[in-house]
Amino acid sequence: MIVLVLNSGSSSVKYQVFNTDKKQVLAKGQVERIGMSGAVLTHKPYDRETVRLSGEILDHKMAIEYVLSILLSKNHGVIKDRSEIDAVGHRVVHGGEAFSKSVLINEEVMRELRRCIDYAPLHNPPNLKGINAASALLPGVPQVGVFDTAFHQSMPNYAYIYGLPYALYKRHGIRRYGFHGTSHRYVSERALELTGLSGENSRIITCHLGNGCSAAAIKNGKSIDTSMGFTPLEGLLMGTRSGDMDPAIILQIMGKEELTMNDATTLLNKHSGLQGISGVSSDMREIEEEYESSKRARLAHDIFTYRLKKYIGAYAAALGGLDVLVFTGGIGENSELVRRNSVSGLEFMGIELDEEKNSAKEPRERAIHKDDSKVQVYVIPTNEELVIALDTHRIVEEMKN
Ligand code: ADP
């Protein structure tokens, strides 16, 4: 089956084309700067060089039209006709409480997704634009929604209810939803395959550390807790997001600095985290380059790993022990220093890193614990697009039967 996977952001559309029977990526790329000057399409067919094309791309429909035309083009294409696309899988950020797994998109699903806009006002509208555009350009082709929140719908209520008046949950859906679910699901399932542990008897902590960061506690294959909350702001320190803090701080700062709600949202989401503390960068590579020379870069790094260590401890408690710890995302997959510092001192919990394996770059997917470590520690490159493609394949097959 040929599946087009789309991740539609506010000004970008990322795509991958899969042959799902072979689990092969035929092409991938992205359109950036949609609706702005200098929009550009970067496209990489699996067997040829990357191409960059610029043009005027006013909206998501034009962007996807552009993607389809390059997928069909003589020199850079990977298919001959639009009809070869059997299905489209969409990444959708927020599925609220309505979706605990991926679904075939129909009118009712679209209505529910529109209701979820309130929860993710920045993310869900472009996701919906992507769905509408793909449905218009590929009429009759099944569209599937895969939600960042779905995997965490298995959390028990005592993990997702905040210490606020319960009426706010009932009235406004204020609760922990969690994000990066597709990634936590993929790497935890992969961890089960790699370790041979049973899905029915396993305690796994997954750490997705990219520009956004979250940890999840996964018991017997199901998410029982995760660090991101009502929005992707809570939890671990991130590139530009604050993560956990005393909520009273924001009320104080809004008064003292005369911030509007928009200013405060921008401060917490765009000017905090590694960037805000270090004054150097939101990018972990640059923080690590300055680790020895800049006190604040070092402080940002230390806060990042200290907070992660606390979550690992907390989730081991929530799970009643720990079998496997997984690192993924750009930082989790690449930073040996983050991995080392975030588990140093956790030998008492049975976590013992093998320094050589931790520093090795290859294979990308590998165990990094000592042979006699009680807890197994893995680096597992995430692959959210593959999950979206395979979920789409499965749902379309089920639909046919
Ligand atoms: P996103 O969350 O946007 O998908 P990624 O998962 O690609 O982002 O993660 C981006 C983060 O990974 C950045 O902070 C980047 O600095 C970090 N990163 C990538 N390579 C390395 C590396 N070799 N060492 C340390 N950090 C790295």
Side-chain angles (χ1 to χ4, degrees), residues 5-16 28-30 32 42 44 91-93 120 122-123 126-127 146 148 178-187 190 206-216 226-228 231-243 269-292 294 296-298 300-305 307-308 326-343 358-366 368 379-388:
V5 172
L6 293 177
N7 180 355
S8 306
S10 57
S11 64
S12 72
V13 173
K14 296 190 180 124
Y15 64 93
Q16 290 198 15
K28 60 171 133 181
Q30 56 183 331
E32 292 164 285
T42 313
K44 168 84 181 83
R91 177 188 180 208
V92 181
V93 169
L122 297 180
H123 294 104
N127 296 162
V146 179
D148 274 22
F179 298 86
H180 291 145
T182 312
S183 176
H184 289 295
R185 182 180 136 203
Y186 173 77
V187 297
R190 193 74 197 119
T206 48
C207 307
H208 178 106
L209 312 174
N211 283 312
C213 300
S214 67
T226 189
S227 58
M228 282 179 167
T231 73
L233 183 58
E234 195 184 348
L236 300 171
L237 194 77
M238 312 183 208
T240 59
R241 290 176 233 160
S242 65
N269 284 286
K270 303 268 186 220
H271 301 301
S272 300
L274 293 173
Q275 171 74 57
I277 297 164
S278 70
V280 169
S281 172
S282 63
D283 191 292
M284 189 53 97
R285 272 168 298 206
E286 289 173 33
I287 296 286
E288 294 196 342
E289 275 160 27
E290 304 278 324
Y291 187 79
E292 297 297 340
S294 156
R296 275 169 52 193
R298 190 185 186 116
H301 201 281
D302 289 348
I303 294 171
F304 186 93
T305 54
R307 202 174 278 191
L308 180 56
V326 181
F327 289 97
T328 192
I331 299 173
E333 291 164 32
N334 294 297
S335 172
E336 57 175 283
L337 189 61
V338 164
R339 293 191 298 260
R340 183 187 308 128
N341 289 356
S342 54
V343 300
N358 185 40
S359 322
K361 303 272 181 261
E362 298 290 336
R364 303 221 13 101
E365 183 180 78
R366 65 188 187 281
I368 56 169
V379 174
I380 302 180
T382 195
N383 197 342
E384 291 157 284
E385 294 78 11
L386 178 65
V387 176
I388 297 174

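Order of appearance sets the numbers: ligands from 1, and atoms from 1 within every ligand. Since we're looking at a predicted model, the values are computed, not measured.
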Carboxylate-amine/guanidinium contact Arg298 Glu290, below 4.0 Å: no
Using the side-chain contact (heavy atoms from CB on, under 4.5 Å) rule, pick out the option among Thr182, Val92, Asn127 that qualifies with Asp148. Thr182
Pick from Leu274, Asn334, Val338, Thr382: the one approaching atom 21 (C) of ligand 1 most closely through a non-hydrogen atom: Asn334
Closest to atom 16 (O) of ligand 1 among Asp283, Leu337, Leu209, Ile331 (heavy-atom distance): Asp283
Out of His184, Arg190, His180, Arg185, which residue meets the side-chain hydrogen bond (donor to acceptor under 3.5 Å, both in side chains) rule with Thr206? His184
Can you tell me how far the CD atom of Gln275 sits from the CG atom of Asn211, to the nearest 0.5 Å? 11.5 Å
Give the intermediate values and the outcome of side chain to side chain contact (heavy atoms under 4.5 Å, CB included) for residues Cys213 and Leu237. CA-CA 7 Å; Cys213 300; Leu237 194 77; over 6 Å; no
Only heavy atoms count here, so choose which of Arg285, His180, Glu333, Glu336 is nearest to atom 24 (N) of ligand 1. Arg285
Please state which option from Met284, Lys14, Glu288, Glu286 has its nearest heavy atom closest to atom 26 (N) of ligand 1. Met284
Can you tell which of Arg285, Glu288, Arg340 makes a side-chain contact (heavy atoms from CB on, under 4.5 Å) with Ser335? Glu288
Sole residue of Asn334, Leu308, Ile380 in side-chain contact (heavy atoms from CB on, under 4.5 Å) with Phe327: Leu308
Does the protein put a heavy atom under 4.0 Å from atom 6 (O) of ligand 1? yes
What protein heavy atom sits nearest atom 18 (N) of ligand 1, and how far away is it? Gly330 O, 3.6 Å
Can you sort out which atoms of ligand 1 are near Gly210, meaning under 4.0 Å from one of its heavy atoms? 2 (O), 5 (P), 6 (O), 9 (O)
Checking a contact table here: which protein heavy atom is nearest atom 2 (O) of ligand 1, and how many Å away? Asn211 N, 2.9 Å
Quick one: does His208 get an N or O within less than 3.5 Å of an N or O on ligand 1? no
